[in-house]
Each structure stands twice: as C-alpha cells, then as structure tokens.
A.B. asks: 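Questions regarding the structure given below will be posed in turn.
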Amino acid sequence: MFRKILIANRGEIALRIARACRDMGIATVAVHSTADADSMHVRLADESVCIGPPAARDSYLNRAAILSAATIAGADAIHPGLGFLAEDASFASMVEEHGFGFIGPTPEHIALMGDKIAAKRAAVAAGLPVVPGSDGPVYADSEARRLASEIGYPVLIKAAGGGGGKGMQRADGPNDLERALSVARREAAANFGSDAVYLERYLDRPRHIEVQILADHHGAAVHLGERDCSLQRRFQKVLEEAPSPALTAEERERIGSRAAEAVRAIGYRGVGTIEFLWTEGTFYFIEMNTRLQVEHPITEMITGIDLVREQIRVAAGEPLGYGQEAVRFQGHAIECRINAENPRTFAPSPGRVTQYHAPGGPGVRVDSALYDGSFVPPYYDSLVAKLVVHAPNREECRMRLRRALGEFVIGGIDTNLDLHRALIEDGDFVAGRYDIHWLERWMRST
Amino acid sequence: MFRKILIANRGEIALRIARACRDMGIATVAVHSTADADSMHVRLADESVCIGPPAARDSYLNRAAILSAATIAGADAIHPGLGFLAEDASFASMVEEHGFGFIGPTPEHIALMGDKIAAKRAAVAAGLPVVPGSDGPVYADSEARRLASEIGYPVLIKAAGGGGGKGMQRADGPNDLERALSVARREAAANFGSDAVYLERYLDRPRHIEVQILADHHGAAVHLGERDCSLQRRFQKVLEEAPSPALTAEERERIGSRAAEAVRAIGYRGVGTIEFLWTEGTFYFIEMNTRLQVEHPITEMITGIDLVREQIRVAAGEPLGYGQEAVRFQGHAIECRINAENPRTFAPSPGRVTQYHAPGGPGVRVDSALYDGSFVPPYYDSLVAKLVVHAPNREECRMRLRRALGEFVIGGIDTNLDLHRALIEDGDFVAGRYDIHWLERWMRST
Amino acid sequence: MTTKFDVDADMIRRLASLIDETGLTEIEYDDGTRKIRVARALAPVAAQVASAAPQPMQSGDQPQMQPAPQVVDAGHPGAVTAPMVGTAYLQPDPQAPQFVNVGDRVEKGDTLLIIEAMKVMNQIPSPRSGTVRQILVTNGHPVEYGEVLMIID
Amino acid sequence: MTTKFDVDADMIRRLASLIDETGLTEIEYDDGTRKIRVARALAPVAAQVASAAPQPMQSGDQPQMQPAPQVVDAGHPGAVTAPMVGTAYLQPDPQAPQFVNVGDRVEKGDTLLIIEAMKVMNQIPSPRSGTVRQILVTNGHPVEYGEVLMIID
C-alpha cells in the first residue's frame, strides 16, 4: 500500500481524497497555488507545498511543479483528482516515468477514451451499443450527405477531439447540412486544433445515464449501478440521482453487466464511468470518463462502497476481492452541486464566505472545502459544495433533501442553493420525469 | 399520521426530532425558554412558543406551559425527546387527557419501568435474566444479612427509587454490611424521598450492553441489535459503539430475541432500550429506558432505520410493517458525545461559540444544535454535539472517527474533543477491551 | 434603559410600508443610542422548508394574533409581560367591558387581563400604577411567555 | 509597501524564545503599521491527525530545511522569492564556493543559487543590484513556489 500520496488538485475533491487517505492511514501532501494557501485542502493535509501563482496553468496544471513537489515531499503516488490533469495521458506517463504510482488508469486508456472517435470504436468492439453514425471522421460534404440520409435526420455533427458542446451542430434536413458542417468544422478547429468532425443520429429528449465501474489490475471488474445526470445546464450537471427514476430493474442489470464486461474486454483498471444517452429503453454509448466523477458520492451512498478508497487500493495493486454479487444497492441518493454563482446571470461569485453552516442529521453528507471566513478565489471552478442525501426511497430522499437545503447556510457569496430548493419542488422532478433538455426549459419558464 | 408535532425539548435532540418531522412532511412547534430564543431548534421549527424563563423547572419541565403551547399552536401530538419530561408518567397521562398524541409508551409502562424493583420483577416475569438479589425492598438488617450471604459477597445495596449512582453502596463482607446499608438508606432518603433499598450481587468489571427495541400498537416488536456503552465517567456515557466488540453473533442473536420477546410479553409500544450488564457471556437486566436514547444514531447507522421516524409512525398507530428478518446489520458505528466542559475539571463550559466547523465526507454524521455565534447557556445539559461515524468494520470506523475528530472545530467554549482524540488511540480501546470501570481507570492513569 | 421611551408611530408606519414594499420580514435599525425593530411573521405553509439562516423568531399563529407590524421590546420600562403562555382575554366574559382601555389610569394590582392556561383563568395584575399607553394583545389570541402585553407608565 | 523595512533581529530572537517557552507554533504581531509573524513548523508524524482549525501552513519537510524560527515575508522589499518548487543549491557543484554570501554586493542578473526541478538545474538570477542581507535557504533542501530565498537590498 502507498505510504504517502500527493493530491494534485484543490477544493472539495482534494479534501475528499485527503479524507480517504486519512481513513486508510496514508499520509497526504497537498499542493496549492498562492491563492489557496489558507484553503481547507491545505489545512487538512499532513504536508503542503506551494507550487505556483494563482493561474491554473502555472500551478494545478504545472506538471513539472507537481512532480518536483512529489519528489521533495517523498510521496510514492499521485492522485490527480478530477479536472486539471486527471485525463491528461502525458501527465500520467510522466508520473510513472518518475517512479510514482499514478492513481488512475494507464496512459493508453486515458488516451484511447480522450479521442472520441477511437473511444466509440472501442465501445463497439467491446460490445456496447453506440449512437448510429459515421464510423470515423467525415471529410467530404458528399460523404456526409450520403451518411446523413442513411442515419436519418436530424443528425448531429460533432468534433472528433471535442466535448462540452463545442463544435457540435444539428442539421434538421439535407438543406441544412452544409451550413452545419462548416460551422462545426470551424468551431472544432478553433477549440481543439483539428477540424475533424463525425456524424451521429440526433436523439430527441434522451436521458443522460452513466454506469460506474471499478476494475483491479488482475482482470476483475464490477459495476456499481447507474447515475441519472440528465439535469444539466449548458452541458454542466446540476443535480444527479441514483438509481435513475427511469430504468427498470432489468435495464439496470443489463446495462451494468455490459459495462463491466466492456471494461474487462479492454483491460481497463481503476474507477471509470461509461456515459450513455437513454431513450425509450435503448442505451447509446457516448463516452467514458477515465477518472473519479464529481457525482461519485451518490454511488457511495447506495452501495456503501468508498470509491476513493477502492481506487487507491486497486492502484496499489490490491485485488478487488469481491464479485458483482457482493455489490448491493440500498435506497436512493441525490447530489446537489452547490456553485458560487449569481442566481440570475450564473456568473461566478468569488469572495469571502462570511457565514457557513452545513446541514446535519441522518442521511446527510456534505463534501465541501468551505468554512466560515474562507475565500473562494476567482481563478477556478465555481463548485464549492456537494450536498448528498440518502434515504430508503426516492420520495423520502427528496423530502430529506428539501430539509437539508433548508438548513444549508452560505453567506457572503452568491450560490445556487435557491435554484435547487425550487427545482426539487417541481412536479416533473417529483415524478422523475425529465430529460437532458428539461432543466433549461424549466429555467426559461420560471 | 400527525399533522403538527410539538417538540417538548431543546438542543440537539429537539433538532433531531424536528429533522425527522421535516423528512416526513410534518409541521413542527418548538418550545423554548427565554435563554434559548436564538437556538437552532427554534430556528428550524415551523413555529415556536416561548414557555418560560431559563430555569428548566419553569420552562422545559413546566407541564402546564407545554400543554398550553400545544393548544395555542394547534399541535396534535407531543414528542418529549429525552431527559426533562420524557420518562414522567404523569406528563404522559396529562398529554393524553388533553387529547394530544404522546410519542412514547403508555403512562403505565413508563411508571412500571421507573420503579426499579417493579421493573426487575417485570423483567423476570418476561423471561429476562436479572442480577441475583433480593426480590423486593429489604427493611431489616437481619434479612439483609441472610440475603447477602445467599447472594454472595461483594453485594451492592441500591435505592429502590434510584438511579445515577446515588443511594448505591458496595459491601465487601458481613462486617461491612451494616455501614453500607445505613449509608445507602440515608442517600436514598435524601435523593428519592424513600429509604427503600434492595440487594444485588456486585459484578466485577462488567460491560454495559443495551438492546434497542421497537414495537407498534398491534403486538409486533423487533430488536435493532445492541450498543456497547461501557465507556462511562460517573455513570455518564462518553462514547458508544454498535455492535459491541465483545459479543459473539450467537450472543447478539440470543439477547436480541429475548429482548423483543420480553417487549411483546409486557405489551410495550414505541422505542425502548433494555440495559444489561454483561460479563463472561452472561447478561443481567438492569433497567429499561422507555424513550429515545442519546446514542440511538449508532443503531440507525448500522440498520439504516430512522428510529425517530419509526417512533412517530408507530405512535400514530401505523403497523411496523416488517419483521425481524428485515432488520439487517451493516458495518460498525461509533458515537462520541461532545460536551461543553472543562477538559480537566469536567465543569460545564457555557458561553459563546466563536468558531464552529463540523466534519464532513463519507460515513460522518453530526447531530448538533451549535452554530457559529450560538450561545451555550449555563442552565442545561452540557452535551452540545454528537459525532457519529459509520464504516464497514470497526477498525475502519475508528480510523474514520480519528479523521473526523481532527476536522471538528468548536471555538469559544471548552469541549472534550481532545479526550475523545486521546481515548481512541489507546491500545485497549483499539482492541475493544474495556469494561464499565475502564474509562475512569484510564483517566486516572493519563 | 432610556429614561423616557417615545414611540414614534410615524416611523413605525414608514418601516411597515417598507416591509410591504420590499418583502422583508424584519427591519432593525440602530443609530447607536436607539434601536427599533419591526417584523412581520409569515404565515406557515404545510411542511414549509425552515431555514437555519438567522431570522426573526416567528410563531405560525402570530399572523392571526398580530396582523400589524409588531413592535415588541420587553426591555421597555413600561412593559407588562406575560408570566405564562396561554390565551389572552381582555374582558372577564364576552358580554362585559374590557378590564382596561388605552388611556385608563390603573393602580398596582388592578386586573389588566386574563390568561387562560390549562382551563385555568389567571388574572394578570398590573405590576405598577400608571396609565395604559398601549394594549398589544388581541382578545382571544395566544400569548407566549415574556411577550409584552401592555405598556403602562 | 513600507518604504523601508528594518528587520529587528532582537525582536525575532525574543519571539523565537517565546515560541520555545510557550510551545506555540506561531506568533503574529501587528501594531497597526507593522506586522511580524514568526512560526516554527512541527515535524509530521505518520498518519497524524490533521486539524481543520486554523494553523500555520506547514510542509513536513520544512523542519529539516528551516530548523530555526522562520521569518518569511514575501512582501519585504528586498525579498527574492522562488519562481518554482524544487531543491535549492547554493553552490554550482559540491566542491565549489557558494554563488553568494551574506554581505556580498551583487548586480542584477548575477546567479544567486540553483533550483533543481525535474532534473533541470535552473539558475536563479538576482532581480536587482544590492547587498545580500540574509540567505534563508539551506543547501540541498527543498523550497516551495513563492518562498523567500534571500533578502537583497
């Protein structure tokens, strides 16, 4: 087992990882920018090293500084957290070349899943259903036209190197195709340095459902059920729940088993998430995230499995030690992402936290690096807290969430607490009736 | 189901009950003394009524004021919490006479278990093992001498109306008996208004093990496993854990079943705790608490059952709806009672809380009415927070507890946080090797 | 304690309309020497979400008993506070006139009102001799312990 | 920035002995115009329990690199701070003399020390001309980004 882990991240996820390390008796090294010197992830680490100025490219994305910090602190492994360098294959390689354990998959798997076309091909090879579309990049307009009529309109044109909705265009019919292709290519080139695009069938009002998987270095893999992350605003998840209110037990078991099989087929190791669009009983692979996910706690709540502990354990070479039959699902869990943002403009709201009181009591978990008097710097992500609630069933969970949201006090900065308070009262949410466009429609209507 | 519940208590337990009500969609009425006007249990209630000045006898023990508050607020049930009027049979009667639901057992059961000799007789009749001793009060010294030699020295002389260690004397042999009797009688008369005493065998270094039971109004009863509450200082529990590190699975199942059977036999309803001394594989009934217990959360953590919700449900006449086989035990839980007290003298430490930060992350629950800027009044109990930690096994639970204790910040008042931090590092605690006298021995030696 | 307490009714009316206009539930204003607080409790809705954020103490029944912005200061030298929780009656029986009216001169020990608690009618005597300046309770409505019932000075 | 910063060595020594005497890890003193902070980081123990309570930032390796009470103020007008994290070397090679010594006169651009990061030896030039007043790093020991290496004015 690792003796000392450097956590190459900040905020609540750095704290989450530090907590897992402490629970396992592993010493921790925090790295931080000058803007984060007083932050909770630094306070709760055994050691800390300042690695650069506020700008992320000079600190949390500074590979050399992080490796130097690991060297001088005598760490034997590096946890990349999520965001920043977590899905940077070259960083993973450097970490291993310098003799540290990398708490994540191999650089090859990171690279494979980072290339959206290669990932889709790998998914097909591993037996996962994908959205019907082109097999690879589409260069000629004529080829695009032929493929689009095969796939059936509307079609979606997506950047091969892409993500986050950039370089994505919808074409409703043949007359619309040329325009959509040229806009998508231009955006792809501007954002990802390559104008390669591919075609996919456009799905109307699907749900975003993802399967958590966990694999060791010895070929064992299990799935930990699904999460429904359909409530999104501008491709950013806002509230997630597990299990999905839409799936039947049979669908859950089927997609879970196929995800675990796929992971075994490609020889993946560590934690990972396979994301699907789901509509009318059919799943379509969209991508795989080769890291811990922000919303991992809801899976922890319904399975009782500490995902970060398991991730560290398998990264150290330990065998999983249990099979799929040992994974039991109990109750329902919901996570609200609490962002420091203006409730109307959604602009980030950095500043000094003048009041902080987290909810407590049964079934309530808060993962947050905030404290009374802490400072939310303007340089990074606006996610400042995750409120995670667990109860025996979905409605009890929603009632408990309502109670916990009522107890939560964050003063001095703007947050989206009120958005969550309103959202969970909506009739469609109460009924579990929503798709990936629902939240934006709802926000326009309220 | 009740529509509006008045919570006749304060502090963390009032908050705990209010949370259960909110989770169930039941409106709450807080009552409070003038000293508690800004307290968290008032802030989080739907309505609040000031019922008197700071002294508990004029507010939280003021039966007429509480019933008037329930009347003017239109409550349909009263939850007494624990302490104050929770085990006052005459209050329970008055509540029912005034047409409110009483969330607790019948006045008759409260009265039965409040009389220590009657309770012991009821336990024998219900088939529970008791500490060998006199069948009832012992008046003549000659009778005491005959009984003591039958029971075998050392013997314990206890007040019939007693509790809390008052009116309790140990006699090591026949020559010591007369002194012990006269001291115990004098203390019993002074503390409980009656000099009636009874005799029991003195058990050397037993553990305090209690079984949580839950019964509906229709004859159904289950046990929710045991709690080990042996770590005590002056008869006050300090840290509790479930399951007990000492019991075998067979012992657990045996004492649990017998407790549930006893409860069915006496027709008890609601939640209750049957307390035993345990030594070398044998249980001895000592008393039954006819209310919610401070340490109930550790049972909630290992069973996933919300005890306060269940208590409210059965008080409203709902059937339990499940049998013993539905009660599953998962993992290990520990509770630390965080008291506002001087770490050396153990004198209460009331005052303004200038910093408050509760630990978070997986497996950590905090029940506390503290907040940054809150005031701990000098009039009431010094318990200000309960830190409850859950993990798959005892050692992981201990490690997680260590981490959570490290994260807990309470400034402005003295607390016993450091006592807990030191206690859980002790080799005997790590091994689960302790009895009811261990903590006091340990505190003398450190 | 200030030697003289002058209730500025206009100021209270202004603050009350500000409460209406802004949707606030409480305004507190402190100029260093004097402090004024006005609050309007909100009607409770079934299972409303309570907030842990500091807020004025509120009883769900207060909207009925105190529809007007409420100015309560138990520290007022003329305050007569409720010695118990219960229901206030300003008349000995529904047909009778009130025990006292604003402007009346009362002697220490004169009955001001009745508080019914647990079916017992408790006569509340005046703690001092003086003039009834304000009656802050409504006939037949509940009062909390410590609530200001009347101002007599 | 103050126009002139006078390091009061005696004061620092006094605070250091106060740290010894009291078992504190940090003393900060602010007289309204000036602020002084001295800290002594504690050696980490394996799996020690971290505390969320405010405490001086500490690196587990600092006790080795800075056994003496550390006076760090990156705002000092003469401060030369580390532009990267790494290991500091005061000599070009183990046999050679130090690049600079206390009391030396240096020109802007003169090499003050080397910081090794990722096997690369980075020569750190003096940001200004002046006299070396203090050298705050120990040869062969790690430095963090932003740490004060020397005082040159």
Side-chain angles (χ1 to χ4, degrees), chain A residues 12 15-16 18-25 40 43-44 296-297 300-301 304-309 328 330-331 354-374 385-392 395-404 406-407 409 411, chain B residues 12 15-16 18-25 40 43-44 296-297 300-301 304-309 328 330-331 354-374 385-392 395-404 406-407 409 411:
Chain A
E12 68 81 21
L15 190 58
R16 170 69 191 91
R19 282 171 169 158
C21 291
R22 295 218 152 262
D23 287 356
M24 299 173 81
M40 193 58 115
R43 285 186 174 194
L44 282 182
H296 76 277
E300 297 184 320
M301 299 305 262
I305 292 174
D306 183 329
L307 266 170
V308 184
R309 169 187 281 265
R328 298 272 170 74
Q330 289 201 313
T354 55
Q355 252 193 320
Y356 180 75
H357 191 83
V364 175
R365 165 179 167 185
V366 177
D367 280 24
S368 174
L370 294 186
Y371 59 92
D372 208 330
S374 59
K386 302 189 307 204
L387 171 59
V388 186
V389 169
H390 184 228
E395 181 55 15
E396 286 183 32
C397 188
R398 192 184 71 85
M399 289 295 287
R400 183 166 278 171
L401 177 58
R402 167 199 257 186
R403 185 259 290 172
E407 291 184 23
V409 179
Chain B
E12 68 80 22
L15 190 59
R16 171 70 191 90
R19 283 171 167 158
C21 291
R22 295 218 152 260
D23 288 355
M24 300 173 80
M40 192 59 114
R43 286 187 174 193
L44 283 183
H296 77 276
E300 298 184 318
M301 299 304 264
I305 292 173
D306 183 330
L307 266 169
V308 184
R309 168 187 283 264
R328 298 272 168 76
Q330 288 201 312
T354 55
Q355 252 193 319
Y356 180 75
H357 191 84
V364 174
R365 165 179 169 186
V366 176
D367 281 26
S368 174
L370 294 187
Y371 60 91
D372 208 331
S374 60
K386 302 190 306 202
L387 171 60
V388 186
V389 169
H390 185 228
E395 180 56 14
E396 286 182 32
C397 188
R398 192 185 71 85
M399 288 296 286
R400 183 166 278 172
L401 178 58
R402 168 200 257 185
R403 185 260 291 173
E407 290 183 25
V409 179

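Note that these values count all heavy atoms, side chains included, but never hydrogens, waters or copies made by symmetry. So you know, we letter chains A, B, ... as the sequences are listed, proteins then strands, and number each from 1.
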A.B. asks: So B/Asp306 and A/Arg400, do their side chains get closer than 4.5 Å, heavy atoms only?
C.D. replies: yes
A.B. asks: Considering only heavy atoms, which portion of B/Arg16 lies under 4.5 Å from any heavy atom of chain A: side chain, backbone, both, or neither?
C.D. replies: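 Contact with chain A involves the side chain of B/Arg16 alone.
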A.B. asks: Which answer fits B/Glu12, side chain, backbone, both or neither, if we ask what part of it has an atom under 4.5 Å from a heavy atom of chain A?
C.D. replies: neither
A.B. asks: So how far is it from B/Arg328 CZ to A/Arg328 CZ, rounded to the nearest 0.5 Å?
C.D. replies: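 The CZ atom of B/Arg328 sits 7.0 Å away from the CZ atom of A/Arg328.
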A.B. asks: Measure across B/Arg22 and A/Met399 and return the closest heavy-atom pair with its distance rounded to 0.1 Å.
C.D. replies: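 Of all heavy-atom pairs spanning B/Arg22 and A/Met399, the closest is O-CE, 3.5 Å.
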A.B. asks: Rounded to the nearest 0.5 Å, what's the gap from CZ on B/Arg365 to CZ on A/Arg365? Could you check?
C.D. replies: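 Taking CZ in B/Arg365 and CZ in A/Arg365, the distance rounds to 15.5 Å.
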A.B. asks: Distance from B/His357 atom NE2 to A/Met40 atom CE, nearest 0.5 Å?
C.D. replies: 3.0 Å
A.B. asks: Counting heavy-atom pairs closer than 4.5 Å to chain B, which one of A/Lys386, A/Glu300, A/Arg309, A/Arg398 comes out on top?
C.D. replies: A/Arg309
A.B. asks: Against chain A, label B/Met301 side chain, backbone, both or neither, depending on which of its atoms sit under 4.5 Å from a heavy atom there.
C.D. replies: neither
A.B. asks: For B/Pro362, is it the side chain, the backbone, both, or neither that has a heavy atom closer than 4.5 Å to a heavy atom of chain A?
C.D. replies: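 Its backbone and side chain both get close to chain A.
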A.B. asks: With a 4.5 angstrom heavy-atom cut-off, could you sort out which part of A/Leu370 is near chain B: side chain, backbone, both or neither?
C.D. replies: backbone
